[in-house]
2 protein chains.
Amino acid sequence: MTVSELTASAQDYLKMIWSSTEWAEAPITVGAMAERMAVKPSTVSDGIRRLAKQGLVTHAPYGSIELTPAGRAHAVEMVRRHRLLETFLVQILGYGWDEVHDEAEILEHAVSDTMIQRIDEKLGHPTRDPHGDPIPSGNGLPHPPQGDPLTSVEPERTVTITRISDADPDMLRYFTQLGLGPDTRLQVLAHRPYADVTTIRVGDRDVDLGPSAAEAIWVVAN
Amino acid sequence: MTVSELTASAQDYLKMIWSSTEWAEAPITVGAMAERMAVKPSTVSDGIRRLAKQGLVTHAPYGSIELTPAGRAHAVEMVRRHRLLETFLVQILGYGWDEVHDEAEILEHAVSDTMIQRIDEKLGHPTRDPHGDPIPSGNGLPHPPQGDPLTSVEPERTVTITRISDADPDMLRYFTQLGLGPDTRLQVLAHRPYADVTTIRVGDRDVDLGPSAAEAIWVVAN
DNA sequence: CATGAATGTTAGACTGGCCTAACATAAGTG
DNA sequence: CACTTATGTTAGGCCAGTCTAACATTCATG
């Protein structure tokens with residue numbers, strides 16, 4: 001079975017389950033999935049049951065949700081589609097990095113394997129999308145995320161941004177104003193715990209970031 | 001209401017009803033629609049009823065099917081999407097003209113108005129798709145089909161191809177072999193009625209075309 | 001460790017889109 | 001012009017996906 005034969009919602013569930021393990025540790029819950037997909041928990045519960053019946057996830061009632069190897073392969077393919085499409089929209093159609101997420105979210109269910117392949121070729125087999133996220137390779141090879149949230153970096157360290165979550169377009173526009181993007185270097189000045197603020201220096205400017213912003217930025221030491 | 005808010009099948013029905021009037025005269029029947037969409041007539045009957053309820057078509061039981069102005073606007077927008085996408089796939093992603101129909105048929109339901117606009121700009125506001133079909137303009141201006149089927153041209157006439165139906169990819173590949181495409185000039189040598197064959201001269205080659213091929217090619221005198 | 005709060009599941013209803021089978025109407029022909 | 005055949009519609013069923021409301025389980029805290 002190829003990923004194109006799944007329903008759009010099945011593709012969404014699988015992608016979300018997989019994505020939840022890419023940057024976080026804790027397994028995803030029904031409630032969290034429902035919130036992210038803007039549906040009720042009962043809907044997710046139902047959907048998971050259907051996926052389990054197809055052998056794409058394992059799930060006992062009230063138990064944890066895990067991808068089977070088949071489910072994981074489909075999930076990775078969807079992530080590949082999403083990130084290639086985002087890259088394509090930016091590089092070929094001139095979209096801003098803040099505009100591509102929602103468009104890709106729809107297109108990923110509609111494009112053929114052929115089209116994904118041609119996009120990949122046209123772009124020269126890119127390895128990262130406009131937000132810095134790694135693009136899984138076509139042959140399903142393991143896929144190396146790297147970096148840690150900005151919130152976990154010790155003060156005084158200078159780091160390079162590896163990825164920025166694409167979930168919030170407004171936040172991305174704010175980051176653009178600040179000159180923050182993948183591969184931007186910055187210095188962490190301080191974490192102020194009770195203010196929940198992380199202060200960074202980027203270029204010659206000092207900026208305070210709240211928790212949602214600081215958690216959206218992942219960095220590596222350099 | 002924008003066309004994106006309709007269901008995919010509603011978009012398909014409207015596009016098909018409109019398309020049936022573009023090159024033919026007779027109004028489309030439920031049976032013909034069912035066959036072209038590969039569903040049962042009862043399904044089409046149902047679908048038409050839903051469209052009528054939304055005010056997009058007028059239809060009394062056993063009566064003819066007509067688009068309302070709103071329905072027509074949506075239909076034309078879908079045709080525009082389809083043809084822009086086909087052009088895009090050929091020009092930007094290197095598809096062959098025989099490969100684009102099915103892909104566009106899916107994508108047309110998924111792309112946003114924004115994406116269509118950017119594609120249109122990227123392509124320089126093209127007026128014809130890879131098969132020669134006119135691309136309706138974004139403001140819904142009337143849309144001038146032109147030409148007549150090759151089968152209706154008098155022998156000895158020299159004509160120019162304006163469009164070739166994109167319905168059959170195999171046929172398109174055959175036409176490519178023959179060097180036939182939009183803007184190709186050819187001479188009609190004869191119609192042989194009981195053989196149902198039209199003989200044409202293209203370049204320095206004489207070719208016999210059966211009825212399905214000859215009806216797929218539309219031409220103007222030059 | 002018991003109980004209440006949080007979380008997850010099931011039941012039942014609805015929609016769109018499809019089907020088959022039965023029925024209704026229209027069209028064409030002897 | 002009546003009757004057969006072709007065409008179209010309705011009825012009833014199914015599936016996926018959603019909802020609300022009721023119920024079940026787990027967890028955390030007093």
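Below, chains carry the letters A, B, ... as their sequence lines are ordered, and counting in each starts from 1.
When the C1' atom of C/dG17 is taken as reference, atom CD of B/Gln11 falls 14 Å away, rounded to whole Å. Taking atom CD1 of residue B/Ile48 and atom P of nucleotide D/dG8, one finds them 11 Å apart after rounding to whole Å. Atom C1' of nucleotide D/dG17 and atom CZ of A/Arg49 are separated by 11 Å, given to the nearest angstrom. When the P atom of C/dG16 is taken as reference, atom CD of B/Glu5 falls 15 Å away, rounded to whole Å. Straight-line distance from the CG atom of B/Leu51 to the C1' atom of C/dG16: 12 Å, rounded to whole Å. Rounded to whole Å, atom C1' of D/dT26 lies 9 Å from atom OH of A/Tyr62. Atom OH of A/Tyr13 and atom P of D/dG17 are 7 Å apart (whole Å).
For A/His59, a side-chain nitrogen or oxygen approaches OP1 or OP2 of C/dT9 to under 4.0 Å. A/Thr7 has no side-chain polar atom (N or O) that falls below the 4.0 Å cut-off from OP1 or OP2 of D/dA16. Checking the phosphate oxygens (OP1, OP2) of C/dG8, no side-chain nitrogen or oxygen of A/Ser45 falls inside 4.0 Å. Note on B/Arg50: a side-chain N or O is less than 4.0 Å away from OP1 or OP2 of C/dG17.
Aromatic ring centres of A/His101 and A/His131 lie farther apart than the 6.0 Å criterion allows.
Looking at residues 31-42 of chain B, you'll see B/Val39, B/Lys40, B/Ser42 sit with a heavy atom under 4.0 Å from some atom of DNA chain C. For residues 104-113 of chain A, proximity to DNA chain D is found at no residue, defined as any non-hydrogen atom under 4.0 angstrom from a strand atom.
Salt bridge B/Glu99/A/Arg118: present, at least one basic N to carboxylate O contact under 4.0 Å. Taking a cutoff of 4.0 Å between a charged side-chain nitrogen and a carboxylate oxygen, A/Arg163 and A/Asp129 do not qualify as a salt bridge. Between B/Glu105 and B/Arg36 there is no salt bridge, since no side-chain nitrogen of the basic residue lies less than 4.0 Å from a carboxylate oxygen of the acidic one. A salt bridge between B/Arg81 and B/Asp113 is present, with a side-chain N of the basic residue lying under 4.0 Å from a carboxylate O of the acidic one. A salt bridge does not link A/Glu77 with A/Lys15: none of the charged nitrogens is closer than 4.0 Å to a carboxylate oxygen.
In this structure, the side chains of A/Trp97 and A/Pro182 come closer than 4.5 Å at one or more pairs of heavy atoms. Side-chain contact between A/Leu172 and A/Ile164 is present, with at least one heavy-atom pair separated by less than 4.5 Å.
Comparing D/dT18, D/dG8, D/dT10 by their nearest atom to the side chain of B/Asp46 picks out D/dT10.
The side chain to side chain contact (heavy atoms under 4.5 Å, CB included) with A/His59 is formed by just one residue from the set A/Leu51, A/Ile17, A/Ile48; it is A/Ile48.
Using a 4.0 Å heavy-atom distance criterion, B/Thr43 is classed as a base contact.
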